[in-house]
Each structure stands twice: as C-alpha cells, then as structure tokens.
Colleague: 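Dropping a structure here in structure tokens format, bear with me for questions.
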Amino acid sequence: MALINVFKQKIGKGWCSLSLLINETSVDWESSKSYYYFNENHPQAQKIKERASKIPFFPSCIYIFTSGMQKICILSKESFLISAQAVNKHLECDSKDKWLLSLPLFHVGGLSILARGFCGGYSSIQGSAWEAKKWRQEVESQKITLSSLVPAQVYDLVKKNLRAPKNLRALIVGGSSLSSNLYQRARDLNWPVLPSYGLTEACSQVATAKLDSLKTKEPAQLKILSHIEVKEKKDLFWIKSPCLLKGYFYVDTLTFEDPKDKDGWFQLEDRGVKQGEYLHIKGRGEEQIKILGEIVNLKKLFELVKEITFSSSYDYELLATTHKRQGYELNLVTNSFHLEEVFSICKKFNEQVFPYERLQRIYCVEKIEKETLFKIRQETLRQQIGL
C-alpha cells in the first residue's frame with residue numbers, strides 16, 4: 001500500500017485522519033478513505049504522483065485521470081455504488097454470477113467492476129496480463145459469467161477465431177465505439193457482446209444494450225440506464241445523475257472546476273440522437289475534419305482500415321495531418337515492411353472512399369506505440385513519424 005497523503009479533519013469533538021491511497025488493488029467502499037489511480041507506465045507518472053499533494057481533498061472519493069491525462073476526475077464512492085446497482089439490475093445479476101476483471105483499475109471500467117461485486121456480493125477475480133487465448137481459457141476454467149472489455153480486445157478474440165465459452169452470459173464492451181463489422185464477427189463466434197456507452201465522469205456506463213439483444217444477431221441499441229437522465233440540444237447530449245463527478249482538478253494549473261451547470265447537468269463531448277429510451281451515438285466533433293471543404297468522418301474511415309486489414313498480422317492505422325491547401329490529408333501508418341501487402345491495402349482503401357478521402361502517404365515504422373487500453377492516439381503517431 002502506498003500512502004501519498006494524510007489529511008486531518010475535525011469531526012465532532014475530535015480529529016480524524018483521512019487517507020489518500022495510491023493505486024490500491026482493492027477499495028474499502030464503506031470508509032472515509034479516498035483513492036488515487038493513474039497509469040504508472042505513463043511517461044509523466046512521477047509528475048502525476050507528485051501532484052497528489054496539491055489535490056483538494058474530498059473524503060470517501062476516488063480520483064481517476066481522464067484519458068488525456070491532463071485532468072483528474074473526482075468521483076464519490078457513493079456515486080460508484082449507485083452506478084453499480086443500476087448496472088447489476090440491468091444485467092439481471094444474482095449470487096451465481098462471477099466477474100473477471102480484465103481492465104486496469106486506473107480505468108473507470110475496472111473500478112466499476114469492484115463496485116458491482118461489492119453491491120451484489122458477487123465474486124470477482126483479477127485477470128492476468130491481456131492475451132486473447134489465455135483470457136478465453138481463464139473465462140472457461142474459472143466459470144466466469146460476466147466481464148468487460150474494450151473493442152481492441154474483442155478484435156483480438158475475433159482475429160484469433162476464438163469462440164465464446166458457454167458459461168459467459170454477457171460481455172460488456174465500452175471504452176470506445178464498437179464497429180458494426182466487429183460486433184457481427186463477435187456475435188458469429190457466439191460472444192455475448194453488449195455494446196455500451198459510458199464515461200469516467202459518470203462512474204462508467206450511461207447506456208448499454210439489453211440482454212434481450214443477445215437473442216438475435218441484429219445490431220444492438222444502447223438503452224439508457226435507470227439512474228441517468230438525458231436531454232438533447234442541437235445534436236449534443238446532456239446528462240444528469242447522482243453518479244456524476246464532483247469536479248475536475250487540472251494538474252498543470254492546479255485548479256479545480258465543477259463542469260456541471262447550476263441544475264446539475266453535464267454536457268457530453270459526443271454527438272448523437274436520443275430516441276425514447278435509447279441513445280444513438282454519432283461520435284465526437286474531433287472525429288470530423290474537412291478536406292477540400294468536404295466533411296470527412298474519421299470514425300468510419302478508421303473502421304474501414306480495420307476491416308480491410310483484418311487478416312493481416314501487422315498493424316495499420318489511419319493518420320490525419322494538416323495540409324496548407326486541402327486543410328487535411330489522410331495517410332497510412334504501419335509496422336509492415338512487406339510493400340506488396342501495404343500497397344494492396346492502400347489500393348483497396350482508395351477504391352472504397354471518395355477521391356478527397358484517398359490515402360496520400362504511407363509511413364512504415366518499426367512499432368506502432370499503443371497507449372492505455374490499446375488506444376492509438378493521432379498525436380502519438382505524429383511523433384513517431386517525426387511530424
């Protein structure tokens with residue numbers, strides 16, 4: 001256990017020590033202790049650790065870095081448990097269920113599983129380092145019934161043509177959007193995939209496919225969970241819930257901000273449409289660029305690259321870079337030096353897109369650096385090729 005700070009607060013006639021603990025493997029959900037989680041392999045890990053003493057202290061809270069690592073999201077443990085109860089109800093959990101924790105605890109998806117187990121009294125085990133075949137064996141041997149993965153992990157399972165063990169009744173997939181192509185491939189291998197939409201600021205899930213969606217292989221819709229209110233303003237979502245964050249702490253400026261409005265509503269970065277009790281996510285504004293004045297949906301093109309390169313043993317990533325005349329141009333980054341395959345993939349891509357969406361350059365690198373939860377960031381790719 002690493003204790004990074006101890007605060008004292010007057011309670012009644014005495015003083016109580018309040019602990020802020022770093023990267024614990026378990027959480028005492030009923031105590032006043034607070035917990036601080038971050039990726040210890042991050043290049044700025046030492047700086048992030050040192051900043052802990054500057055954070056405004058809230059008892060019985062959890063501090064998690066958002067994906068950009070520029071700000072800390074401060075969440076109450078009570079909020080985590082409210083979210084956990086709603087998810088347990090949505091998944092119809094009971095005492096026979098057993099969770100496999102396959103996401104890191106510095107990610108809200110990992111911590112939320114600990115909360116769900118605590119609320120329902122369900123058992124959970126922490127999985128080993130990710131490797132698709134070993135993970136599948138662990139699910140079967142440990143008689144796991146529930147787990148949660150990100151799309152990149154589902155991609156690994158499907159690419160190895162691994163079939164789901166019968167004891168797994170639901171696999172929640174979040175972290176980023178699950179393409180329809182990958183969803184269908186996973187369902188064909190009997191993986192009980194439930195796409196979800198969530199965010200750190202809401203203690204995990206906001207909307208998740210219903211169990212009934214597993215009765216068919218048709219695309220699943222995202223059902224808004226019971227503890228979430230959603231409103232839509234000009235293609236933007238706002239949510240309200242007892243699970244929302246207390247606020248952000250910015251590590252560079254050492255400032256605190258509560259991003260909710262006076263009525264408790266929080267604006268999401270994602271765009272989409274609310275239809276009754278379902279959400280239809282279109283994606284973030286940053287996933288759209290303009291080339292020669294034409295709007296280009298990067299999310300769809302990313303998915304096309306994955307579809308075309310599915311059978312390859314190498315990594316391929318799409319990179320959008322600025323261009324003085326066009327606004328942006330699209331390029332391909334790969335760790336393959338087999339040029340015949342590379343050019344074939346480039347040709348297939350260009351044949352399926354508009355002329356202004358065609359690939360302009362190909363960059364071959366020794367290794368494509370992947371960040372937390374297998375995400376590839378555009379900025380990381382740019383740095384790798386010296387842009």
Side-chain angles (χ1 to χ4, degrees), residues 130-133 149-162 173 175-189 282-387:
W130 174 256
E131 197 286 313
K133 191 172 182 180
L149 298 179
V150 295
Q153 292 169 305
V154 176
Y155 181 86
D156 291 345
L157 294 170
V158 171
K159 194 161 187 175
K160 291 182 183 295
N161 203 38
L162 298 173
V173 182
S176 59
S177 62
L178 183 68
S179 71
S180 57
N181 180 266
L182 181 56
Y183 173 80
Q184 191 58 59
R185 287 176 184 268
R187 295 292 292 114
D188 288 343
L189 291 169
K282 294 181 180 178
R284 298 189 174 187
E286 65 194 38
E287 293 175 333
Q288 289 189 340
I289 60 173
K290 279 192 175 183
I291 299 178
L292 294 172
E294 299 287 346
I295 295 176
V296 174
N297 187 323
L298 288 177
K299 181 171 174 285
K300 288 185 178 180
L301 297 182
F302 291 152
E303 292 176 359
L304 177 60
V305 169
K306 291 300 180 188
E307 185 178 341
I308 292 173
T309 63
F310 186 81
S311 59
S312 174
S313 57
Y314 296 95
D315 294 327
Y316 289 85
E317 298 294 336
L318 192 66
L319 175 65
T321 57
T322 57
H323 188 278
K324 288 184 179 179
R325 179 176 176 271
Q326 296 180 183
Y328 281 89
E329 68 176 16
L330 298 175
N331 311 290
L332 192 67
V333 182
T334 180
N335 61 353
S336 171
F337 289 84
H338 295 272
L339 296 185
E340 185 176 344
E341 177 188 282
V342 174
F343 289 136
S344 173
I345 285 168
C346 186
K347 183 174 183 290
K348 288 178 182 177
F349 180 91
N350 286 344
E351 288 174 346
Q352 297 183 51
V353 299
F354 291 110
Y356 53 85
E357 295 174 330
R358 290 173 183 163
L359 298 170
Q360 302 298 311
R361 302 170 194 266
I362 299 170
Y363 294 94
C364 298
V365 297
E366 290 290 339
K367 180 183 179 182
I368 292 181
E369 297 293 339
K370 298 182 181 181
E371 298 189 7
T372 306
L373 298 180
F374 315 99
K375 288 184 179 179
I376 303 293
R377 299 196 185 284
Q378 294 280 296
E379 184 57 35
T380 303
L381 289 179
R382 278 191 282 271
Q383 290 173 357
Q384 277 194 265
I385 62 177
L387 293 178

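Numbering starts at 1 and runs along the sequence shown.
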Colleague: Restricting to non-hydrogen atoms, name the atom on L182 and the atom on P151 that form the minimum distance, rounded to 0.1 Å.
Modeller: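 So the two residues come closest at CD2-O, 3.6 Å.
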
Colleague: Could you please spell out the steps behind the side chain to side chain contact (heavy atoms under 4.5 Å, CB included) verdict for L298 and L330?
Modeller: CA-CA 9 Å; L298 288 177; L330 298 175; 3.8 Å; yes

Colleague: For a 4.5 angstrom cut-off between non-hydrogen side-chain atoms, does L189 reach L157?
Modeller: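 No, too far: nothing below the 4.5 Å cut-off.
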
Colleague: For the side chain of K159 and the backbone of S312, is there at least one donor-acceptor N/O pair under 3.5 Å apart?
Modeller: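 The answer is yes, because a donor-acceptor pair under 3.5 Å joins these two groups.
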
Colleague: So, the side chain of D315 versus the backbone of N335: is there a donor-acceptor pair under 3.5 Å, distance only?
Modeller: no

Colleague: Got a second to check how far F354's CZ is from I291's CD1, nearest 0.5 Å?
Modeller: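 Answer for the CZ-CD1 pair, F354 versus I291, is 12.0 Å.
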
Colleague: Given side chains that start at C-beta, do those of T334 and I345 come closer than 4.5 Å, heavy atoms only?
Modeller: no

Colleague: Looking only at heavy atoms, which two atoms of K133 and K160 are closest? And how far apart?
Modeller: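 Heavy-atom minimum between the residues: N-CD, 4.5 Å.
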
Colleague: Calculate, to the nearest 0.5 Å, the distance between atoms CG and CG belonging to L359 and N331 respectively.
Modeller: 7.5 Å

Colleague: Do K347 and E351 touch side chain to side chain, with heavy atoms closer than 4.5 Å?
Modeller: yes

Colleague: Could you grab the distance from atom CZ of R185 to atom OH of Y155, nearest 0.5 Å is fine?
Modeller: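 Here the rounded value is 8.5 Å.
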
Colleague: Would a line drawn from the ring center of F337 to the ring center of Y314 be shorter than 6.0 Å?
Modeller: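 Ring centroids of F337 and Y314 are no less than 6.0 Å from each other.
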
Colleague: Evaluate K306 against E317 for salt bridge (charged side-chain N to carboxylate O under 4.0 Å, His left out), listing each step before the verdict.
Modeller: CA-CA 8 Å; K306 291 300 180 188; E317 298 294 336; 2.9 Å; yes

Colleague: Might you point out which heavy atoms bring V305 and Y316 nearest each other, and give the distance in Å?
Modeller: CG1-O, 3.8 Å

Colleague: Verify, without hydrogens or angle tests, whether Q153 (side chain) and V150 (backbone) share a donor-acceptor contact under 3.5 angstrom.
Modeller: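 It does hold such a pair.
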
Colleague: Find the distance between NZ (K300) and OG (S180) and round it off to the nearest 0.5 Å.
Modeller: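 Separation between the atoms: 10.0 Å.
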
Colleague: Starting from the C-alpha separation in whole Å, work towards a yes-or-no answer on side chain to side chain contact (heavy atoms under 4.5 Å, CB included) for F349 and L318.
Modeller: CA-CA 11 Å; F349 180 91; L318 192 66; 4.3 Å; yes

Colleague: Given the rule in the side chain to side chain contact (heavy atoms under 4.5 Å, CB included) test, do L304 and I308 qualify, once you have shown the distances and angles that lead to the verdict?
Modeller: CA-CA 6 Å; L304 177 60; I308 292 173; 3.8 Å; yes

Colleague: Would you give the length of the straight line joining atom CD of E307 to atom OG1 of T309, rounded to the nearest 0.5 angstrom?
Modeller: 9.5 Å

Colleague: Side-chain contact, heavy-atom cut-off 4.5 Å: V173 with Y183?
Modeller: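 Side chain of V173 against side chain of Y183, heavy atoms only: no contact under 4.5 Å found.
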
Colleague: Whether the side chain of H323 engages the backbone of Q326 through a donor-acceptor N/O pair (distance < 3.5 Å, no angle test) should be reported.
Modeller: yes

Colleague: Decide yes or no for S344 and K348: does some side-chain heavy atom of the first lie under 4.5 Å from some side-chain heavy atom of the second?
Modeller: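 Counting from C-beta outward, S344 and K348 do come under 4.5 Å.
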
Colleague: Is it the case that the side chain of Q360 and the backbone of R358 share a donor-acceptor pair, with hydrogens and angles ignored and the cut-off at 3.5 Å?
Modeller: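 Yes.
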
Colleague: So L162 and D156, do their side chains get closer than 4.5 Å, heavy atoms only?
Modeller: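 No, every pair of side-chain atoms sits at 4.5 Å or beyond.
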
Colleague: Could you give the distance from OH (Y328) to OG1 (T321), rounded to the nearest 0.5 Å?
Modeller: 9.0 Å

Colleague: Specify the closest pair of heavy atoms between C364 and S336, including all atoms of both residues, with the distance to one decimal.
Modeller: SG-O, 3.5 Å

